[in-house]
Amino acid sequence: MGNGILVLNAGSSSLKFSVFDIGGPGVLDAMAVGQVEGLGTAPHLKAKGADGSVIADQRWTTSEVATHGRALQEIATLLRSRFAGQELAGVGHRVVHGGPDYSAPLLITPQAMEKLATFVPLAPLHQPHNLAAIRAVQEARPELPQVACFDTAFHRSHDTVVQLYGLPYEYFERGIRRYGFHGLSYEYIAATLPEVAPEIAAGRVVVAHLGSGASMCAIHNGRSVSSSMGFTALDGLLMGTRPGNMDPGIVLYLLEHEGMSAKEIEELLYKRSGLLGLSGIGNDMRVLQESDSPRARLAIDHFVYRISRELGGLAAVLGGLDALVFTAGIGENSAYIRRRVCEQAKWLGIDLDAAANEQAGPRISSAGSKASAWVVPTNEELMIARHTRVLLGL
Ligand code: AMP
């Protein structure tokens with residue numbers, strides 16, 4: 001048996017991967033991380049070793065690498081050449097949807113694949129690609145055990161009251177409920193707080209996962225209590241290209257009065273809205289922060305406003321706030337956005353330490369702050385590797 005765990009995260013046109021070396025108890029060392037992006041358009045493999053040095057940077061013509069299976073072959077070739085003599089013990093996958101029942105990772109079997117395929121309508125833009133990556137590994141290395149780790153699983157602790165929409169109850173029974181996403185990120189943060197911030201780990205914590213996808217999660221004593229995301233990853237905060245929470249009447253209006261098809265609305269909501277749609281410039285927060293365009297300002301102001309609103313709601317659900325934790329691309333790297341959010345959260349007892357914020361903490365609130373604020377980098381890949389190790393008994 002080998003000593004490596006391959007973690008795969010398949011998107012519509014990309015296959016991200018990480019490789020971990022299984023060390024002693026509780027130790028998983030990252031050996032390589034990378035991705036093949038631009039599948040079927042401009043395929044490009046980029047990868048870095050454990051020390052951050054570039055170990056691959058290769059491009060192909062469009063038709064040469066068009067599927068997840070082909071991308072996997074290229075990743076396997078790279079890993080064989082870099083880590084000759086080392087073998088994989090198993091593969092862990094990020095799978096966006098585990099439906100209403102799965103609150104833990106799942107060993108892949110033919111029956112499990114059938115069940116996971118039934119969740120495709122719940123996440124049509126993500127789930128098919130996640131399953132394609134599992135099938136690609138099955139074809140290339142049928143003997144390797146595989147594990148599905150769900151973005152929804154951490155939120156299965158939510159009360160029924162939290163999961164409901166105000167539709168007739170039979171819709172809830174048919175699976176139209178709030179699931180919540182980014183669960184692997186929140187689970188990693190919850191598992192990390194006892195080390196990084198032991199004084200808040202058992203308390204009432206709101207975690208803001210602010211990346212190109214963005215959401216917030218209320219965590220009490222390490223368990224997810226409520227989340228800004230709902231039935232799909234469209235709900236909640238303003239995101240890079242998604243609008244977040246909006247009146248469902250808008251969708252009806254677009255269908256009935258603007259002559260848009262369901263597919264066109266899907267594209268509008270997933271790809272053309274959010275920071276991109278409001279600014280008209282782009283979805284990268286770095287670019288918007290540096291821009292002096294009034295619409296870039298407006299997009300950022302709206303982004304902060306939505307976070308502030310959600311923070312108030314989640315603090316109400318928790319019955320108060322002990323700590324606010326920032327994570328993911330914007331949360332970890334933008335001192336400016338953190339400052340704006342914390343200034344707006346003064347009423348919750350957060351008093352920012354400006355210097356600590358510039359240095360990304362980890363604690364970024366003053367010593368006397370009633371509720372504390374933190375920056376904790378997330379690591380969804382490591383969370384998947386940990387789950388895979390445990391489930392496979394490695
Ligand atoms: P993620 O999806 O977690 O990888 O986050 C990606 C987003 O993080 C990018 O779209 C950027 O907008 C944002 N980001 C990364 N670095 C910075 C930075 N230094 N300042 C502001 N935003 C950043």
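Note that ligands are numbered from 1 as they come in the structure, with each ligand's atoms numbered from 1 the same way. Just the heavy atoms: all of them, side chains too, but no hydrogens, waters or symmetry mates, feed the values below.
To the nearest 0.5 Å, atoms CG (Leu348) and SG (Cys342) are separated by 10.5 Å.
Atoms of ligand 1 found under 4.0 Å from any heavy atom of Gln289, numbered from 1 in the order shown, are 21 (C). Close approach of ligand 1 to Ser212 is summarised as follows: ligand atoms under 4.0 Å from at least one heavy atom of the residue are 1 (P), 2 (O), 5 (O), 6 (C).
When hydrogens are left out, the protein atom nearest atom 12 (O) of ligand 1 is Met285 N, 2.6 Å; that is the closest non-hydrogen contact. Counting protein heavy atoms only, atom 11 (C) of ligand 1 is closest to Asp284 OD1, 3.3 Å. Here the protein heavy atom with the shortest distance to atom 13 (C) of ligand 1 is Ile330 CG1, 3.5 Å. For atom 20 (N) of ligand 1, the closest heavy atom belonging to the protein is Arg286 CG, 3.4 Å.
Scanning Leu210, Asn333, Ile337 for the heavy atom closest to atom 16 (N) of ligand 1 points to Asn333. Distances from atom 15 (C) of ligand 1 to the heavy atoms of Gly329, Ala328, Ser334, Gly211 put Gly329 nearest.
Side chains of Asn283 and Thr241: a donor-acceptor N/O pair is absent below 3.5 angstrom, by distance only. Residues His155 and Ser224 bring a donor and an acceptor atom of their side chains to less than 3.5 Å of each other. At a cut-off of 3.5 Å, with distance as the only test, no side-chain donor of Gln138 or Arg135 sits close to an acceptor on the other residue.
The existence of a salt bridge linking Glu290 and Arg286 is excluded, since no basic side-chain nitrogen approaches an acidic carboxylate oxygen closer than 4.0 Å.
Taking the six-membered ring for Trp and the full ring otherwise, the centers of His97 and His126 sit at least 6.0 Å from each other.
By the 6.0 Å and 45° rule, Arg339 does not stack over the aromatic ring of Tyr336.
For atom 22 (N) of ligand 1, the nearest protein heavy atom lies under 4.0 Å away.
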